[in-house]
Amino acid sequence: MNTGQPEEGQGAPIGRRVFLGTLGLGALGVVTAPTLQRGLEAFLGSAADKDPTGLTGLLPNGGGFRYYSVTSSVPHRNAGNYQLKIDGLVSRPRTYTLADLRALPQTRLVKDVQCVTGWRVPDTPFEGVRLSALLDAAGVKAKAGAVRFTCFDGAYSESLTLDQARRPDVLVALRMQDKEIGHSHGGPVRLYVAPMYFYKSAKWLSGITVTEDVEPGYWEDRGYDVDAWVGRSNGRDDEPTS
Ligand SMILES: Nc1nc2c(c(=O)[nH]1)N[C@H]1C(S)=C(S)[C@@H](COP(=O)(O)O)O[C@H]1N2
Ligand SMILES: [Mo]
């Protein structure tokens, strides 16, 4: 067990109550995650030694991913009704359709996905539009300092400083694992913040609002770090992050 890592019941800032998806779990789907998730992980942890590849397929989202949602259901959006609104401290607010986003230059990144609770998926391709390109197109006003992200699940939110948001490894992602992002992974569009823990990568992205100051997101209101650099935050490092 890693030390210094937030874990339920072991000094976590505040317990993460998330709903595990119904994908492949039938009636178990509405059980809150911490118990069931850890049960699954304990089971896989021992059995995975014997047959790692065979067992990964049993996980709700497959391929080593865990399904996370803070709401028990999320509406489905597709090319016909998906919208991403960019507003706040910008001179050209705009609403993008999926076709609009697909028509823009795409960037593909391949990095490890790391959840703050310990699971990790190596070498995962994400592809989409650089957030910096959307911010430039919107014309960020001089007094702006941060960006807030909202989601069509109606509950989740995230934030970045403007400097973080302009990094080339932060995408408004349309593809993951070289496929269109499916509903369970936050499709059709999710945020992808490569250098930070995966909770920064808001699923079901529907709003990008440029703000003056950082407004902490859903998990950050519950004790997790706003600056969630992998390996350098959430109690894993004595130095303040910058
Ligand atoms: N809208 C929304 N985005 C979210 C979350 C969530 O609950 N709701 N969970 C976050 C966390 S903690 C993780 S680890 C990843 C999980 O992504 P996945 O379900 O594709 O594995 O999504 C992040 N983005
Ligand atoms: Mo996570």
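Start at 1 and go down the list; that is how both ligands and their atoms are numbered.
- Of all the atoms in ligand 1, the ones that sit under 4.0 Å from a non-hydrogen atom of Phe65 are 21 (O).
- In this structure, the side chain of Ser201 engages the main chain of Val193 through a donor-acceptor pair within 3.5 Å.
- When each atom of ligand 1 is checked for a heavy atom of Val70 under 4.0 Å away, the hits are 7 (O).
- Under 4.0 Å from ligand 1, heavy atoms of Tyr199 appear from its side chain as well as its backbone.
- Here's the thing with Lys203: one of its N/O atoms is less than 3.5 angstrom from an N/O atom of ligand 1.
- Tyr199 and Asn234 share a donor-acceptor pair across their side chains, judged by distance under 3.5 Å alone.
- The residue among Tyr218, Tyr156, Tyr224 with a heavy atom at the shortest distance from atom 10 (C) of ligand 1 is Tyr156.
- With a 4.0 Å heavy-atom cut-off, ligand 1 is reached by the backbone of Tyr68 and by its side chain too.
- With Gln114, Arg66, His185 as candidates, the residue nearest to atom 21 (O) of ligand 1 on a non-hydrogen basis is Arg66.
- Less than 4.0 angstrom separates some heavy atom of Tyr67 from each of these atoms of ligand 1: 19 (O).
- Both tests pass for Arg77 against the ring of Phe152: distance under 6.0 Å to the centre and angle within 45° of the axis.
- Taking only nitrogen or oxygen atoms, main chain and side chain alike, Arg190 reaches within less than 3.5 Å of ligand 1.
- Of all atoms in ligand 1, numbered sequentially from 1 with element shown, those under 4.0 Å from a heavy atom of Cys151 are 1 (N).
- Remark: ligand 1 and Trp119 share no N or O pair separated by less than 3.5 Å (distance only, no angle test).
- The backbone N or O of Gln164 lies less than 3.5 Å from a partner atom in the side chain of Thr161, making a donor-acceptor pair.
- Within the set Tyr197, Trp204, Trp219, Phe198, the minimum heavy-atom distance to atom 23 (C) of ligand 1 is found for Phe198.
- The backbone of Ser201, and not its side chain, has at least one atom closer than 4.0 Å to an atom of ligand 1 (non-hydrogen atoms only; backbone = N, CA, C, O).
- Put simply, no part of Gly186 is less than 4.0 Å from ligand 1, judged by heavy atoms.
- Look at Glu220 and Lys200 and you find a salt bridge, because one of the NZ, NE, NH1 or NH2 atoms lies within 4.0 Å of a carboxylate O, short of that distance.
- Here the CH2-CZ distance, from Trp219 to Phe198, works out to 14.5 Å after rounding to the nearest 0.5 Å.
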- Message: Let's go through Leu131 and Tyr192 carefully: what are the C-alpha distance in whole Å and the side-chain angles of both, what is the deciding distance for side chain to side chain contact (heavy atoms under 4.5 Å, CB included) to 0.1 Å, and is it a yes or a no?
- Response: CA-CA 9 Å; Leu131 177 59; Tyr192 175 57; over 6 Å; no
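- The pair Arg94-Asp100 meets the salt-bridge criterion, since a charged nitrogen lies less than 4.0 angstrom from a carboxylate oxygen.
- Annotation for ligand 1: atoms under 4.0 Å from non-hydrogen atoms of Cys115 are 14 (S).
- A salt bridge is defined here as a Lys NZ or Arg NE, NH1 or NH2 lying under 4.0 Å from an Asp or Glu carboxylate O, and Arg148 with Glu215 meets this definition.
- Every atom of ligand 1 is numbered from 1 in the order shown, and the set under 4.0 Å from a heavy atom of Asp153 is 1 (N), 2 (C), 8 (N).
- With hydrogens and angles ignored, the 3.5 Å screen pairs no side-chain donor or acceptor of Lys85 with any backbone N or O of Thr209.
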